[in-house]
Amino acid sequence: MNDKRTTAAAEAGPAYYFRIAKRFRIVTFLLLAVMIVFIIVMFSVNRDEITVENLRYFLRYIDTRQAEKSATTDTIVYGDTESIVRFGIYRNGLVVVGNDRVQIFDLTGEEILDINQSNASPQLLTSEEYMLIYNIGGTTFQLYNSLSKKYEESYSYPIGCAALGDTGAFLVTTRSMEYRSVVNVYNRDFEQIYRWYSPDKHIMDACFRDGDEEFMLATLGTREDGVFYAEIILCETDKEEKRAQFRIEDEIIYRVRYTDDGGIILIGGKAVYVYDSELTLLSTVSYGGYTPVMLGSNGDLTYFTLNKNIVGSNYTLTVLDERGDIIYSGDVQGEITRALLHHNAVYLLFDRSILRISLETGTQIAREIDPNCISVENLDETTLMLCYNEKTQIIDIDAFFFGTVPTEE
């Protein structure tokens with residue numbers, strides 16, 4: 001049968017192959033027309049989503065020069081950058097915020113973002129989706145991704161505080177002529193989805209729960225007799241009614257955090273308060289009448305330092321787990337400039353050294369570093385960043401503190 005078809009095609013001569021080529025040409029034109037129609041429809045329907053920034057973002061992620069998740073340099077140099085104020089980690093890169101610019105560097109040391117931006121006293125928040133920067137006492141905030149400034153807004157009155165959720169939702173607090181506090185909540189597309197007012201309370205801190213469908217406010221009020229009280233308010237972004245609201249008398253709450261299981265941690269001026277997901281008080285850890293020098297929480301662990309001496313720099317460091325149980329308490333000698341809770345250890349930064357305290361064994365290991373280190377940041381479980389005004393040093397934890405080099409699996 002095949003021999004007969006081949007013979008027939010050969011007898012037909014060039015006319016047979018011309019008809020085949022013509023059919024293929026028609027199919028080619030049809031496919032080209034379908035592609036053109038598809039592009040037109042996509043540009044029409046998704047006009048707002050197709051931007052230069054998005055195209056650059058797409059091209060960046062198909063670029064074979066992208067840095068891997070492990071560092072390929074041990075020092076990132078910023079160049080001529082004035083007055084570095086804040087550092088952070090965003091999408092496996094180093095964020096450097098100064099008074100005059102915002103920069104991001106990848107782990108090869110290459111600069112991937114450099115935007116001139118005036119920030120007199122910047123605060124930096126980061127999540128997987130965005131970076132949020134605002135000025136203490138200023139009226140303007142900005143949101144960035146690793147390619148550009150995505151959003152900027154200014155209020156008529158100063159910003160009090162802000163919070164950034166893991167999926168890109170964020171809130172910014174300010175005030176107005178009629179209200180002492182105004183809370184503006186936005187979704188990841190920068191649309192305002194919630195607003196809360198208070199005529200008589202100040203917002204001290206705010207935090208989103210995982211998923212960004214709920215947030216917590218720590219407010220400060222004053223009774224008629226002049227005594228302070230803290231009021232904690234839990235709000236759901238899709239409901240006007242508050243999920244919960246309660247007071248702590250004669251207290252000021254400075255920091256609030258959600259735990260992984262939906263509980264909450266409140267860090268106050270007199271004690272740390274830990275509640276479960278049903279808002280039952282699990283633990284109250286008092287400072288014993290002393291004023292904390294440093295305090296903070298990452299949601300899993302909470303720490304505070306106390307100086308119980310009138311003179312000198314002998315501090316007591318206490319670390320709590322997410323249920324409020326004390327897992328470490330010990331004395332530390334020296335002026336602590338920064339602290340970092342990271343992977344079952346706490347790192348304390350001094351002028352010319354960094355101290356690692358194991359939360360499992362209590363072992364302390366100190367290592368000398370270059371002077372004038374501004375901040376210590378955690379890149380991942382095995383890597384830290386020591387941030388200076390002109391450079392950042394990337395250090396392997398095992399090699400730096402224990403003198404061991406991890407083996408490749």
Give, for atom [atom1] of [X] and atom [atom2] of [Y], the distance between the pair rounded to the nearest 0.5 Å.
| X | Y | atom1 | atom2 | answer |
| --- | --- | --- | --- | --- |
| Y388 | T75 | OH | OG1 | 10.0 Å |
| L359 | L320 | CG | CG | 10.5 Å |
| H343 | N298 | NE2 | CG | 12.5 Å |
| N187 | I193 | CG | CD1 | 5.0 Å |
| E322 | D261 | CD | CG | 5.0 Å |
| F208 | E214 | CZ | CD | 10.5 Å |

Taking [Y]'s backbone N and O only, do any of them form a donor-acceptor pair with [X]'s side chain (distance below 3.5 Å, no angle check)?
| X | Y | value |
| --- | --- | --- |
| D212 | A169 | yes |
| Y229 | I248 | no |
| N135 | S121 | yes |
| S148 | K150 | no |
| T337 | L349 | yes |
| D205 | A218 | no |
| T139 | S154 | no |
| N99 | N119 | yes |
| S358 | T363 | no |
| R91 | E128 | yes |

Determine whether [X] and [Y] make a side-chain contact, defined as any pair of heavy atoms from C-beta on separated by less than 4.5 Å.
| X | Y | value |
| --- | --- | --- |
| S146 | L113 | no |
| F402 | I365 | yes |
| S286 | K270 | no |
| R188 | T167 | no |
| R180 | T219 | no |
| L301 | I327 | yes |
| E178 | Y197 | no |
| Y328 | V346 | no |

Looking at every non-hydrogen atom in both residues, tell me the closest pair between [X] and [Y] and how far apart they are.
| X | Y | answer |
| --- | --- | --- |
| P122 | I133 | CB-CG2, 4.1 Å |
| I394 | T383 | CG2-CG2, 3.4 Å |
| N145 | E129 | CB-O, 4.5 Å |
| C207 | Y258 | O-CE1, 3.5 Å |
| K242 | C235 | CD-SG, 3.4 Å |
| C161 | A206 | SG-N, 4.4 Å |

task: Give the intermediate values and the outcome of side-chain contact (heavy atoms from CB on, under 4.5 Å) for residues T318 and Y287.
output: CA-CA 10 Å; T318 302; Y287 307 141; over 6 Å; no
We want to know whether [X] and [Y] form a side-chain donor-acceptor pair, criterion being a heavy-atom distance below 3.5 angstrom.
| X | Y | result |
| --- | --- | --- |
| Y194 | E240 | no |
| T140 | Q142 | no |
| Q393 | D370 | yes |
| Y275 | T259 | no |

- request: For residues Y186 and Y130, establish whether the separation of their ring centroids is below 6.0 Å.
  value: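 No: the rings miss the under 6.0 Å criterion.
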Audit row: I89, M385, side-chain contact (heavy atoms from CB on, under 4.5 Å) steps and yes/no: CA-CA 9 Å; I89 304 298; M385 288 184 165; 3.6 Å; yes
message: Please evaluate residues Y155 and F141 with respect to the criterion ring-ring contact (aromatic ring centres under 6.0 Å, His included), reporting the C-alpha separation (whole Å), side-chain torsions for both, the decisive distance (0.1 Å), and the verdict.
response: CA-CA 9 Å; Y155 296 131; F141 69 91; 5.8 Å; yes
Give a yes or no on this: more than 12 heavy atoms of other residues, nucleotides or ligands lie within 6.0 Å of atom [atom1] of [X].
| X | atom1 | result |
| --- | --- | --- |
| E368 | CD | no |
| E213 | CD | no |
| R352 | CZ | no |
| F246 | CZ | yes |

field: Chi angles and distances behind the side-chain hydrogen bond (donor to acceptor under 3.5 Å, both in side chains) call for R101, N116
entry: CA-CA 4 Å; R101 65 205 297 192; N116 292 327; 4.8 Å; no
field: Trace of the ring-ring contact (aromatic ring centres under 6.0 Å, His included) decision for F401 with Y347
entry: CA-CA 11 Å; F401 288 100; Y347 297 86; 5.6 Å; yes
Verdict with supporting geometry, Y315 and E335, side-chain hydrogen bond (donor to acceptor under 3.5 Å, both in side chains): CA-CA 8 Å; Y315 293 89; E335 292 292 340; 2.9 Å; yes
- request: Considering only NZ, NE, NH1 and NH2 on the basic side and carboxylate oxygens on the acidic side, decide whether R223 and D225 come within less than 4.0 Å.
  value: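 Answer for the salt bridge query: yes.
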message: Between T174 and Y157, is the side-chain contact (heavy atoms from CB on, under 4.5 Å) condition met? List the steps.
response: CA-CA 6 Å; T174 182; Y157 293 87; 3.7 Å; yes
- prompt: Between D351 and N372, does a side-chain contact (heavy atoms from CB on, under 4.5 Å) hold up when you go through it step by step?
  reply: CA-CA 6 Å; D351 180 48; N372 304 316; 3.9 Å; yes
ring-ring contact (aromatic ring centres under 6.0 Å, His included) evaluation trace for Y90 with Y144: CA-CA 10 Å; Y90 175 68; Y144 301 82; 9.4 Å; no
